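Right, one structure below, let's go through it.
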Amino acid sequence: MEKKIIKHNGIISIWKFLFALLILFHHCATLLDPSPSRSLFVKGSIGVEFFFLVSGYLLARKVFEDEAKDTRPLYESTWQYLCHKIKSFYPYLLVSFTIIMVIDISLYHFLSPTRYLKQLVELTLLTQAGITFPTILNVSWYLSALILALAVIYPLLKKYQKNFSSLVAPILGIFICCFLIQYNNGHLRTPGNYIYIAYEGLFRAFGELLLGIFAYELVLKLKKINFTKVGSIILSIGCFSSFTFVFALNSFYRGAAKLDYLSLIFLMIGVIVAFSTKTFFFEKCNNKIFYYLERLSLPLYLNNPIFINIMNSELIKGTFTLSYPLKFVIVVFVTILFSALELYLMKYIMKLYDKIKNRCKKIMIEG
């Protein structure tokens with residue numbers, strides 16, 4: 001039971017899905033008939049901050065859990081960690097990229113071979129390092145920023161351990177996030193801005209991953225406290241309120257971006273309390289439904305642009321007269337449905353891939 005509690009956290013699982021959904025709402029609100037007067041969900045991109053913080057926490061947990069048994073050279077453990085991370089999302093990235101490419105060719109740019117050759121750079125996960133080609137799958141910046149930042153942070157954390165997680169991570173994380181907020185006049189929302197040596201999204205990943213690493217240290221402190229039932233209930237209310245405040249603020253308030261520093265603080269509080277396992281409803285949240293919704297959040301995020309692009313095409317606009325609310329509902333419903341179908345089919349796709357890979361190995365490699 002203890003091992004299960006360590007490996008799974010249903011509270012984080014459900015909020016992963018909800019923030020992935022908020023990001024989908026955001027893209028619908030800003031790309032489906034965007035209006036300067038609209039406020040509902042236009043600032044929903046704050047969900048990315050939640051995912052970076054959680055990734056930072058999970059990185060620190062993995063490094064310290066593997067500390068005693070990992071005897072590999074630093075370069076080897078780093079590359080293996082990055083490869084494992086990429087394998088966890090790359091099949092979904094390929095599916096979304098291929099579909100959006102077909103849609104773009106069919107509905108937007110029929111004869112633009114150069115355009116599509118340039119788009120292949122997205123699959124290298126290097127775009128946030130400074131490659132300036134416009135991306136066709138606009139949500140892929142997050143994965144690029146995540147992997148590039150992890151490639152730097154993982155070996156540093158592995159080598160310097162607590163000195164890094166307890167001292168360097170919080171100080172450097174605060175400096176980077178405050179720099180971005182100051183640079184952008186109060187917000188963290190422009191991953192496509194180029195700042196000196198890389199895109200802003202990469203700096204955003206660095207700062208928030210570092211704060212997530214520091215969150216791991218604070219979680220360890222919180223776990224040592226024995227709370228009463230009343231204390232656990234108060235923690236539950238605090239965790240729920242922190243996430244709900246950020247979700248609601250960025251759903252309904254058009255000026256929420258100017259309060260990104262506040263959203264980041266509340267997200268940090270929510271992540272720390274959720275991972276502490278001290279909340280009153282912690283065990284009840286560890287269930288198959290929440291775990292499924294967590295798995296669904298990745299394809300849901302990557303499939304964001306697919307049906308928005310279809311809905312915005314001249315083919316649909318010329319065939320149907322649809323109101324913005326109706327288009328919004330259709331895109332959200334179909335994206336969720338398609339993502340669930342993709343999640344179901346992916347296990348069969350991966351089995352087929354393994355068979356083909358093994359067959360190729362037999363043909364090409366001796367022994």
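Residue numbers start at 1 and run along the sequence shown. Bear in mind the structure is a predicted one, so any value in this text is a computation, not a measurement.
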salt_bridge(K158, D70) N-O dist < 4.0 Å: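 The answer is yes: the pair qualifies as a salt bridge.
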With no hydrogens and no angle check, is any side-chain donor or acceptor of [X] less than 3.5 Å from a backbone partner on [Y]?
X	Y	value
S276	K278	yes
R204	Y199	no
S166	N163	no

Parallel, tilted or perpendicular: ring planes of [X] versus [Y], cut at 30 and 60 degrees:
X	Y	value
F41	F25	tilted
W15	F19	tilted
F51	Y142	perpendicular

Count the heavy atoms belonging to other residues, nucleotides or ligands that lie under 6.0 Å from [atom1] of [X], then report whether that count exceeds 12.
X	atom1	value
Y160	OH	no
F240	CZ	no
K362	NZ	no
E76	CD	yes

Between the side chains of [X] and [Y], does any donor sit under 3.5 Å from an acceptor?
X	Y	answer
E122	T127	no
H187	D260	no
Q119	D104	no

Against the six-membered ring of F275, is K223 placed for a cation-pi contact (under 6.0 Å from the centre, within 45° of the normal)?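 No cation-pi geometry.
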For the rings on Y344 and Y348, is their centre-to-centre separation under 6.0 Å?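 Between Y348 and Y344, which both carry aromatic rings, the centre distance is below 6.0 Å.
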Please find out if less than 6.0 Å separates the ring center of Y301 from that of Y92.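 Judged by ring-centre distance (under 6.0 Å), Y301 and Y92 do not meet the cut-off.
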